[in-house]
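Step one of this worksheet: look at the structure below.
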Amino acid sequence: QVQLVESGGGLVQPGGSLRLSCAASGSIFSINAMDWYRQAPGKQRELVATITSGGNTGYADSVKGRFTISRDNAKNTVYLQMNSLKPEDTAVYYCMLSVGAGRPVVFYNYWGQGTQVTVSS
């Protein structure tokens with residue numbers, strides 16, 4: 001079984017910064033893509049940032065230049081550094097990891113529990 005634990009959300013003023021973390025534990029063989037999604041009230045969940053096992057990254061246009069995704073493979077952890085936050089960044093943020101586990105190894109997508117980010121003065 002694989003568990004994901006997110007941390008780092010909270011309330012921040014516009015222009016401020018937050019760093020989200022998502023740590024995976026359990027019987028993990030390897031992790032492919034690591035993604036961050038967000039869902040604002042009344043809106044669909046959207047992909048914010050992604051990072052491959054090789055370190056290639058991709059971002060939604062709305063966060064380019066402000067957010068940075070990174071990963072620590074030794075710790076099975078993905079991070080999202082969020083700078084210059086705007087009120088429209090307010091949402092519940094979820095990590096999603098493509099995790100290989102078991103014998104034979106099978107990859108499944110696992111989701112974190114979500115962490116609230118609120119940007120408000």
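Looking at heavy atoms from C-beta onward, Trp36 lies out of side-chain contact with Met82 at the 4.5 angstrom threshold. In this structure the side chain of Val105 reaches within 4.5 angstrom of the side chain of Phe107, judged on heavy atoms. Contact of the Lys75 side chain with the Ser21 side chain is not registered, since no non-hydrogen atoms from C-beta on lie closer than 4.5 Å.
Note that the OH atom of Tyr110 and the CD1 atom of Ile31 stand 10.5 Å from one another [nearest 0.5 Å]. Remark: Asp35 CG to Leu97 CG distance equals 8.0 Å, nearest 0.5 Å. The distance from atom CH2 of Trp111 to atom CZ of Arg45, rounded to the nearest 0.5 Å, is 5.0 Å. The line from CE of Met34 to CG of Asn76 is 6.0 Å long, rounded to the nearest 0.5 Å. Rounding to the nearest 0.5 angstrom, the gap separating the SG atom in Cys22 from the CD atom in Gln113 is 7.5 Å. Note that CD of Gln39 is 9.5 Å distant from CD of Glu46, once rounded to the nearest 0.5 Å.
Of all the heavy atoms in Ser84 and Ser17, the pair that sits closest is N-OG, 4.4 Å. Between Ala33 and Thr50, the shortest heavy-atom contact is CB-OG1, 4.4 Å. Contact record, Leu4 with Gly112: CD2-N, 3.7 Å, taken as the closest heavy-atom pair. For the pair Arg66 and Leu85, the tightest heavy-atom approach, listed with the atom from each and the gap, is NH1-CA, 3.9 Å. Contact between Leu18 and Gly8 at its shortest, heavy atoms only, is CD2-O, 3.8 Å. Of all heavy-atom pairs spanning Ser27 and Ala101, the tightest one is O-CB, 3.0 Å.
When each of Val92, Leu80, Leu20 is paired with Val117, the side-chain contact (heavy atoms from CB on, under 4.5 Å) condition holds for Leu20 and for no other.
Side chain of Thr90 to backbone of Val119: a donor-acceptor contact under 3.5 angstrom is found. Put simply, the side chain of Tyr94 never gets that close to the backbone of Glu6: no donor and acceptor are under 3.5 Å apart. Using a distance-only test at 3.5 Å, with no hydrogens or angles considered, a donor-acceptor pair links the side chain of Arg71 to the main chain of Thr52.
With 3.5 Å as the limit, one finds no donor-acceptor pair spanning the side chains of Asn32 and Ser53.
If you chain together hydrophobic residues whose side chains sit under 4.5 Å apart, Val99 and Phe29 never meet in one group. Placement of Met96 and Ile28 in two distinct hydrophobic clusters is found when ILVMFWY residues are connected by side-chain heavy-atom separations under 4.5 Å, directly or transitively. Tyr37 and Tyr59 fall into different hydrophobic clusters, where Ile, Leu, Val, Met, Phe, Trp and Tyr side chains are chained together by heavy-atom contacts under 4.5 Å.
In this structure, Lys86 does not pair ionically with Asp89, as no charged nitrogen and carboxylate oxygen lie closer than 4.0 Å.
Atom CD of Gln44 has 12 or fewer heavy atoms from other residues, nucleotides or ligands within 6.0 Å.
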